[in-house]
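Values in this document were obtained by computation on a predicted structure and should not be read as measured data.
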Amino acid sequence: MTWPTITLSIVLIVLSFVLTAFILLHRSQGGGMGDLFGGGMSTSTGGTSAAERMLNRLTVIIGLLWVACILGLLVLYKHIG
């Protein structure tokens, strides 16, 4: 393994944890596992707040960076091996 591969691998691991946390922070839209335990009433009110829109944008940005890291690792492994 070379240093770019190790660096991208570490970045990918960190981005994976951040992306998972951002996805879990999203409010349920109904019909999910939260409704099984009585969470359906709280999800039916209100629209999208500014904080939720910002969370959506950050999730998309982190997701794109995550995909870019995977593609970068694919290119590095192809040129190394």
Side-chain angles (χ1 to χ4, degrees):
M1 278 188 143
T2 60
W3 69 268
T5 307
I6 293 172
T7 303
L8 263 182
S9 298
I10 292 171
V11 169
L12 181 65
I13 291 169
V14 171
L15 285 176
S16 297
F17 282 116
V18 172
L19 185 61
T20 301
F22 280 178
I23 288 172
L24 290 175
L25 285 174
H26 279 88
R27 187 174 59 173
S28 173
Q29 297 295 322
M33 291 296 286
D35 289 345
L36 292 175
F37 304 106
M41 293 297 288
S42 63
T43 61
S44 62
T45 60
T48 304
S49 68
E52 289 177 28
R53 277 182 267 147
M54 180 61 101
L55 184 62
N56 289 339
R57 290 181 189 138
L58 287 174
T59 304
V60 169
I61 290 170
I62 296 297
L64 291 175
L65 289 173
W66 187 80
V67 170
C69 278
I70 290 176
L71 293 176
L73 281 173
L74 285 173
V75 169
L76 286 174
Y77 280 122
K78 187 171 183 169
H79 287 287
I80 290 172

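In the hydrophobic clustering of this structure, L55 groups with I61; members are Ile, Leu, Val, Met, Phe, Trp, Tyr whose side-chain heavy atoms approach within less than 4.5 Å, directly or through other members. Residues F22 and I13 do not share a hydrophobic cluster, clusters being chains of Ile/Leu/Val/Met/Phe/Trp/Tyr side chains in contact below 4.5 Å. Hydrophobic clustering of Ile, Leu, Val, Met, Phe, Trp and Tyr side chains at less than 4.5 Å, counting indirect connections, keeps L71 apart from V60. In the hydrophobic clustering of this structure, Y77 groups with I6; members are Ile, Leu, Val, Met, Phe, Trp, Tyr whose side-chain heavy atoms approach within less than 4.5 Å, directly or through other members. In this structure, F17 is not a member of the same hydrophobic cluster as V14, with clusters built from ILVMFWY side-chain heavy atoms closer than 4.5 Å.
Looking at every heavy atom in both residues, T5 comes nearest to L73 through O-CD2, 3.8 Å. For the pair L15 and C69, the tightest heavy-atom approach, listed with the atom from each and the gap, is CD1-SG, 3.8 Å.
Within the hydrophobic cluster formed by Ile, Leu, Val, Met, Phe, Trp and Tyr side chains joined at under 4.5 Å, directly or through other members, V75 stands alone, with no partner residue. W3 belongs to no hydrophobic cluster, as no Ile, Leu, Val, Met, Phe, Trp or Tyr side chain comes under 4.5 Å of its own.
Considering L65, T59, L24 as possible partners of L19, the one that fulfils the side chain to side chain contact (heavy atoms under 4.5 Å, CB included) test is T59.
For residues 7-21, the pairs satisfying side-chain hydrogen bond (donor to acceptor under 3.5 Å, both in side chains) are S16-W66, with sequence neighbours left out.
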